[in-house]
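Throughout, numbering of the chain's residues begins at 1 and tracks the sequence. Please read these numbers as outputs of a predicted model, since none were measured by experiment.
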Amino acid sequence: MKEATVLPPPWDVAVESVDSVQARALLREYYTEVADRYYSLHENRRSTPEEIERGLAEYPAGYLAPPDGVLLVARREDDVAGCVGVRLLDARTAELKQLFVRAARRGRGAAGVLLAAAERAAAQLGAERLRLDTRLDLVEALALYRRHGFTEIAPYHDDRYAEIFFEKRLSGGRRSG
């Protein structure tokens, strides 16, 4: 007789304060990974602690707080997998920020769950479309966004690290009270 496969419970996604210990740790890990990948590709080195501190200060997470933003964290009990941020750019447009899954948790569906939760959060903020930018070397992210229905668009802002831009139309974009 064949043994039954026991599947892990699904990831729970909940709003997290950007000031929480978990949120700060996840955002630092996110920034360290993307900075290390950038410097490795362009300068054949890893980022320095000073560069990480400057980068974190340059992109403060405060814009991922209510009323116009949110940070979502995926967990299974005490196992924290990753995070994603959403912020309003205008009344109809939200932006996806800092989608990140810890390396040891990748390949277990957390990124897709976080992305779906971000789409719902953007719609709850009243957005009709969700935009994002990323870099071409972040090939896993590019594949994820395309797989989830994001299409390439013209640049909507000027940032030296943004190389490709995406958008997805949302359904049910009504701002909740």
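Proximity of L115 to L144: side-chain heavy atoms (C-beta onward) are separated by under 4.5 Å at one or more points. With contacts defined as side-chain heavy-atom distances shorter than 4.5 Å, the pair V70/Q124 does not qualify. A 4.5 Å side-chain heavy-atom check between F100 and E33 finds at least one atom pair inside the cut-off.
In the displayed structure, D90 atom CG is contacted under 6.0 Å by more than 12 heavy atoms of other residues, nucleotides or ligands. Counted within 6.0 Å of CZ on R46, heavy atoms from surrounding residues, nucleotides or ligands total 12 or fewer; the atom is thus considered open.
Taking Y38 as the reference, H42, Y161 meet the ring pair (Phe, Tyr, Trp, His ring centres under 6.0 Å) condition, with sequence neighbours excluded. With sequence neighbours excluded, the residues satisfying side chain to side chain contact (heavy atoms under 4.5 Å, CB included) with E140 are R37. Evaluation of the ring pair (Phe, Tyr, Trp, His ring centres under 6.0 Å) rule for Y63 yields no partner, not counting sequence neighbours. Listed by chain and residue number, R87, T93, E95, Y156 satisfy the side chain to side chain contact (heavy atoms under 4.5 Å, CB included) test with L89 (two or more places apart in sequence, or in another chain). Residues forming a side chain to side chain contact (heavy atoms under 4.5 Å, CB included) with V113 (at least two apart in sequence, or on another chain): W11, V13. Looking at residues two or more places apart in sequence or on another chain, you find a salt bridge (Lys or Arg N to Asp or Glu O under 4.0 Å) between R45 and E43, E51. Residues meeting the ring pair (Phe, Tyr, Trp, His ring centres under 6.0 Å) test with Y39, sequence neighbours left out: none. Remark: R92 pairs with E128 by the salt bridge (Lys or Arg N to Asp or Glu O under 4.0 Å) rule, at least two apart or across chains. For D79, the salt bridge (Lys or Arg N to Asp or Glu O under 4.0 Å) test picks out R105, with sequence neighbours left out. Residues passing the salt bridge (Lys or Arg N to Asp or Glu O under 4.0 Å) test with R75 are E16, sequence neighbours excluded.
Although no hydrogens or angles enter the test, the distance criterion places no donor-acceptor pair under 3.5 Å between the side chain of D12 and the main chain of R76.
Taking OH from Y145 and OG1 from T134, the interatomic distance works out to 5.5 Å, rounded to the nearest 0.5 Å. A distance of 10.5 Å separates CD in E53 from OH in Y31, rounded to the nearest 0.5 Å. Taking CG of L26 as the reference point, atom OG of S20 lies at 8.0 Å (rounded to 0.5 Å). Interatomic distance, R131 CZ to H157 NE2, rounded to the nearest 0.5 Å: 10.0 Å.
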Q | V80 vs R102, side chain to side chain contact (heavy atoms under 4.5 Å, CB included): CA-CA, chis, key distance, verdict | A | CA-CA 8 Å; V80 178; R102 289 178 162 152; 3.6 Å; yes
Q | Evaluation steps, side chain to side chain contact (heavy atoms under 4.5 Å, CB included), between D133 and F166 | A | CA-CA 6 Å; D133 67 74; F166 289 95; over 6 Å; no
Q: In sequence, state the C-alpha distance, the side-chain angles, and the governing distance for L142 and I164, and then conclude on side chain to side chain contact (heavy atoms under 4.5 Å, CB included).
A: CA-CA 9 Å; L142 294 172; I164 187 168; 3.6 Å; yes
Q.
The test is side chain to side chain contact (heavy atoms under 4.5 Å, CB included); show your working for T32 and D36 and say whether it passes.
A. CA-CA 6 Å; T32 300; D36 281 350; 3.7 Å; yes
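Closest heavy-atom contact between L27 and L56: O-CD2, 4.1 Å. Listed here is the closest heavy atom pair of A127 and L88: CB-CD2, 4.2 Å. Of all heavy-atom pairs spanning G62 and V18, the tightest one is CA-CG2, 4.5 Å. Considering every non-hydrogen atom in both L136 and E163, the closest pair reads N-OE1, 2.7 Å. For the residue pair L114 and V84, the shortest heavy atom distance occurs at O-CG1, 3.6 Å. Here the shortest heavy-atom pairing between L64 and G85 reads CD2-CA, 3.8 Å.
Of the residues listed (L72, V73, V101, L99), the one engaging C83 in a side chain to side chain contact (heavy atoms under 4.5 Å, CB included) is V73, and it is the only one.
V139 belongs to no multi-residue hydrophobic cluster, having no ILVMFWY side-chain contact under 4.5 Å with any other such residue.
A salt bridge between R24 and E29 is absent, with no side-chain N of the basic residue lying under 4.0 Å from a carboxylate O of the acidic one.
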Per-pair distances, 0.1 Å, donor-acceptor, side chain in residues 147-155, under 3.5 Å, sequence neighbours excluded:
unit_1	atom_1	unit_2	atom_2	d
T151	OG1	E167	O	3.4

